[in-house]
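Shown next, in structure tokens, is the structure this report addresses.
These values consider heavy atoms only, across backbone and side chains, with no hydrogens, waters or symmetry-generated copies. For reference, positions follow the sequence shown, starting with 1.
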Amino acid sequence: MMQRDRLAPWAAYLLVGVGTLIMLAPFYFMFVFASHSRSEIFSMPPPLWFGNDFMLNFSILNERIPFWRSLGWSLYVALAATGLTLLFCSMGGYAFAMFEFRFKKALFTLVMATMLLPAFLGMIPTFMIMDAFGWIDQPRALYIPGAASAFGIFMMRQFIASAIPRDLIEAARMDGCGELRIYWSVVLPLLQPAMGTLGLITFIGSWNNFIGPLIVMRSPEMYTLPLALRSLQSPANTEWGALMAGAAIATVPLLVLFAFSSRRLIDGLTAGAVRG
């Protein structure tokens, strides 16, 4: 029994280590292949270490697509989507958590019900609405429609209801604060863990969004980075080294962002889980 108890932690560490290697392998090979030519990538056995062709691949990438323009559009859309989502979802969550009004439960149930719908069901209606607004080929079509996401409202509502006492809100009202002042000066500072988590999730989701630009973007100069990288692929002549180089560069900002905000992500996901 004692020997089994000693081996159990090592078995768990081994299992986690193997799982980590399997998850990190695609990222590792993406960066490795970004530094090799197409012929080297498809050689047998494939290269396992970095090569010397990264700058050549990057040059091909810039010749085939407006890489920096697409990168700029991705950054703009991701920042706009993150900012609007944090604003509207925090306001919606605050209203559902702290206010009492008619049809409150019915409205909240309706918001939650939208999470049950598969995303592909909204593709055609989204295109029709964006076309009616004249937003086809416009970046605003990528960040305005999803600004008040059901997941974000639910997350903010749960955090506010569990972590912000009603007595604090009532005390601010008794001091003469208006509702907008309470939201801005009292609620928002206490929402930092949850907003950091939601902001990170929203930024990553917007940065990696492929279906949205595919629906509403028509001009190559308006493509975001995932769609621009996809345009490199063709049945006959795909420069896989250049494609891997673009994907590697596009991944670096997310890795840096996650490295600096992983602690905030964990704090936001666990904050309010236990009342205290």
Side-chain angles (χ1 to χ4, degrees), residues 23 27 70-99 108 111-112 114-115 117 119 122 126 135 138-165 168-169 179-213 216-217 224-227 247 249-274:
M23 293 179 62
F27 292 96
S70 298
L71 183 66
W73 280 127
S74 288
L75 182 61
Y76 167 70
V77 170
L79 290 175
T82 302
L84 289 177
T85 298
L86 291 179
L87 175 63
F88 290 122
C89 289
S90 61
M91 295 177 69
Y94 172 57
F96 279 118
M98 293 297 177
F99 287 86
F108 187 70
V111 171
M112 293 298 98
T114 61
M115 298 177 64
L117 298 176
T126 297
W135 288 2
Q138 296 294 324
R140 65 176 70 96
L142 299 177
Y143 56 80
I144 291 181
S149 66
F151 170 77
I153 293 175
F154 173 76
M155 179 180 177
M156 290 296 176
R157 186 256 188 189
Q158 295 301 104
F159 182 86
I160 293 172
S162 61
I164 299 180
L168 181 63
I169 305 300
E179 296 301 333
L180 288 178
R181 178 66 180 274
I182 294 174
Y183 164 77
W184 188 261
S185 301
V186 178
V187 176
L188 275 187
L190 298 176
L191 279 180
Q192 295 306 312
M195 293 188 71
T197 303
L198 180 60
L200 180 61
I201 294 173
T202 304
F203 186 91
I204 293 175
S206 178
W207 184 269
N208 293 328
N209 186 16
F210 175 76
I211 297 298
V216 299
M217 292 301 173
T224 55
L225 198 52
L227 194 58
I249 296 173
T251 305
V252 169
L254 299 183
L255 295 178
V256 173
L257 180 64
F258 184 78
F260 281 99
S261 59
S262 58
R263 184 184 182 93
R264 177 61 62 87
L265 174 63
I266 297 173
D267 291 343
L269 291 175
T270 57
V274 179

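Of all heavy-atom pairs between Pro193 and Leu190, the closest is CD-O, 3.8 Å. Scanning all heavy atoms of the two residues, the minimum distance from Ile160 to Ala97 falls at CG2-CB, 3.7 Å. Of all the heavy atoms in Leu254 and Ala250, the pair that sits closest is CG-O, 4.2 Å. What you find for Gln192 and Pro189 is that their closest heavy atoms are CG-O, 3.2 Å. Contact between Ser149 and Gly152 at its shortest, heavy atoms only, is OG-N, 3.1 Å. Considering every non-hydrogen atom in both Met115 and Ala150, the closest pair reads CG-CB, 3.4 Å.
In this structure a side-chain-to-backbone donor-acceptor pair under 3.5 Å is present from Ser74 to Leu225. With hydrogens and angles disregarded, no donor-acceptor distance shorter than 3.5 Å links the side chain of Ser206 to the backbone of Thr202.
To the nearest 0.5 Å, the span separating CD1 on Ile211 from CG on Leu142 amounts to 12.0 Å. To the nearest 0.5 Å, the span separating CD1 on Ile249 from CG on Leu71 amounts to 8.5 Å. Distance CG/Leu75 to OG/Ser70: 12.5 Å, rounded to 0.5 Å. Atoms CG and CG, on Leu200 and Leu257 in that order, are 5.0 Å from each other to the nearest 0.5 Å. With rounding to the nearest 0.5 Å, the separation of CG in Leu79 from CG in Leu84 is 11.0 Å.
Side-chain atoms of Phe99 and Ile169, non-hydrogen and from C-beta on, never get closer than 4.5 Å to each other. Side-chain contact between Phe151 and Leu198: present, with at least one pair of heavy atoms (C-beta onward) separated by less than 4.5 Å. Looking at Phe159 and Thr197, their side chains never come closer than 4.5 Å, going by heavy atoms from C-beta outward. Side chains of Pro226 and Asn209 form no contact here, defined as non-hydrogen atoms less than 4.5 Å apart.
For Leu180, the CG atom is loosely surrounded, since the number of other residues' heavy atoms within 6.0 Å does not exceed 12. Applying the 6.0 Å contact sphere to CZ of Phe210 captures more than 12 heavy atoms from other residues, nucleotides or ligands.
Residues that satisfy the side-chain contact (heavy atoms from CB on, under 4.5 Å) test with Tyr76, not counting sequence neighbours, are Trp73, Pro139, Tyr143. Not a single ring-ring contact (aromatic ring centres under 6.0 Å, His included) links Phe154 to another residue, sequence neighbours left out.
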- Message: Would Met98 and Ile182 count as a side chain to side chain contact (heavy atoms under 4.5 Å, CB included) here? Give the steps.
- Response: CA-CA 11 Å; Met98 293 297 177; Ile182 294 174; over 6 Å; no

- Message: Between Met156 and Met195, is the side chain to side chain contact (heavy atoms under 4.5 Å, CB included) condition met? List the steps.
- Response: CA-CA 8 Å; Met156 290 296 176; Met195 293 188 71; 3.4 Å; yes

- Query: Can you check side chain to side chain contact (heavy atoms under 4.5 Å, CB included) on Leu188 and Ser90, steps first, answer last?
  - Reply: CA-CA 8 Å; Leu188 275 187; Ser90 61; 4.2 Å; yes

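Within the structure, the ring pair (Phe, Tyr, Trp, His ring centres under 6.0 Å) test picks out the following pairs touching residues 180-204 (sequence neighbours left out): Phe203-Trp207.
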